[in-house]
Chemist: 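Here it is, the structure, as structure tokens.
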Amino acid sequence: MPAPAASSPQAEATDPGGSLATDLLDWYDRHRRVLPWRALPGETPDPYRVWLSEVMLQQTTVAAVKPYFAKFLALFPTVEALAAAPESSVMAAWAGLGYYSRARNLHACAKAVAEAGTFPDTEAGLRKLPGIGAYTAGAIAAIAFDRKAAAVDGNVERVMSRLRAVETPIPAARPALRALTEAVVPERRAGDFAQALMDLGATICTPKRPACALCPWMRPCRARAEGLQETFPRKLKKEKGVLRRGAAFVAVRAGDEAVLLRTRPAEGLLGAMAEPPTSAWLPDYDPAKALLDAPIDARWKRLPGLVKHGFTHFPLELTVFAARLAAGAPAPEGMRFTPRDRLDEEPLPGVMKKVLAHALAKPAGEAPSAPVAAPAPDLATPAEPERPARRGPLQKPVSNRPSQLARVVKKPPKPAGSR
DNA sequence: GATACGTGGCA
DNA sequence: TTGCCAAGTAT
């Protein structure tokens, strides 16, 4: 069991006089970040933008969110426009950002809000909407409606665990960290306080090498006082899961150069997203028997290499099979053909873009085919030069690392006789 | 409380 | 290369 804090936390568990909040807000007024979804001083926050950004930012970095936020505002300028859009359009716009239940819930939430006419303006009201949990409800209530609410995310948990030297590991410490945060939220400027706390965690009280000398809370910080700031928050290490294997089947139809795709089940892993047909993904999957899982009778060719991908809870290796079908071939029940230049309209998750990039790289002896239209640059690039095909079970894995993928898809090493 | 659920960046 | 992490939610 965790050791008790170095000294009694009770004496410091509240913020008498609000000096913590005041010091943080003063710091925020000087150092606040400018972000696309954030109102400038004096501006009125737009609940739609606040909500959209908060959902996108769940477990996702600011840098990753920025282009998606801009795209969504362009495609869906209002919550009514988002509510009126087909779900497949929303999923396609979200493709690549991950955690696709967020997109499904976003759409459902937009419909509920459009039906009601406005966003709820209380934490409790917001909490009832799909995709809005404790953190997001507090963040929207505080930021968009200036309600006195705490927005406790990973940044805030880190800041508060250091400030109070909380020895209990996360996630068990979450209720206590929320209570510690709520005790510091000021009566006025709760929205700025929420954003200030997140800015502090993102820019000063960082996971590694925090810039304590610049921190407005350096003096009251218990972890800093003991030089242990980098050791908080305490955490239990989590398991990474057992490797699963499977096969993916990329069929291209002659004539229109269309790719055979299907939509995954509405719930669960990659729910409602598109994919080329795949086998089940199992720890003991045998690629040698993969043709039994092929979606259609064709001359399937096993491609050299593997597509590797890391999910949150398990790593995956897919063996890719490719085939060319006759012009005019019909799609099997529940599947469809999508021309290569319209793949950007499909909600393809990252792992499936890797599979297509792997398979659609120019096969030896075949004419180059039309590039995929943006925004699927990883599919739009020229094929890699042919590599010597390997025989036998040992195949060189194609890493799922972006740099490696880029090398495979984007930067063929030394095209023979060119440049 | 534990588990499922993506992706890209970085040391 | 591998592991860890980043503005969590739903079941």
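All chains are named by letter (A, B, ...) in the order of the sequence lines, taking the proteins before the strands, and each is independently numbered beginning at 1. The model shown is predicted, which means the values in this text are computed figures rather than measured ones.
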Chemist: How would you label the contact of A:Val62 with the nucleic acid (heavy atoms, under 4.0 Å): base, sugar-phosphate, or nothing?
Modeler: base
Chemist: Would you mind telling me which of B:dT7, B:dG6, C:dT9 lies closest to the side-chain atoms of A:Leu269?
Modeler: B:dG6
Chemist: For a quick check, tell me whether the side chain of A:Thr61 and the base of B:dG8 share a donor-acceptor pair closer than 3.5 Å.
Modeler: no
Chemist: Strictly below 4.0 Å: does A:His313 bring a side-chain N or O up to OP1 or OP2 of B:dC5?
Modeler: yes
Chemist: Please report the distance, rounded to the nearest Å, between CD1 in A:Ile170 and C1' in C:dG8.
Modeler: 13 Å
Chemist: Hey, which sits more toward the 5' end of DNA chain B by its nearest nucleotide, A:Lys208 or A:Thr312?
Modeler: A:Thr312
Chemist: Does A:Arg234 count as lying over the ring of A:Phe232, i.e. NZ or CZ under 6.0 Å from the six-ring centre, within 45 degrees of the axis?
Modeler: yes
Chemist: Of the listed nucleotides (C:dA10, C:dT9, B:dT7), which one gets closest to any side-chain atom of A:Arg127?
Modeler: C:dA10
Chemist: Report which part of the nucleic acid A:Ala134 touches: base, sugar-phosphate, or nothing (heavy-atom distance under 4.0 Å, all strands).
Modeler: sugar-phosphate
Chemist: Looking only at heavy atoms, what is the nearest atom pair of A:Pro276 and A:Leu261, with distance?
Modeler: N-CD2, 3.6 Å
Chemist: Looking only at atom P, what distance separates C:dT9 and B:dG8, rounded to whole Å?
Modeler: 22 Å
Chemist: Under 6.0 Å between the ring centres of A:Phe69 and A:Phe72?
Modeler: no
Chemist: Do the side chain of A:Thr60 and the base of B:dG6 come within less than 3.5 angstrom through a donor-acceptor pair of N or O atoms?
Modeler: yes
Chemist: How long is the line joining OH of A:Tyr99 and P of B:dG8, in whole Å?
Modeler: 13 Å
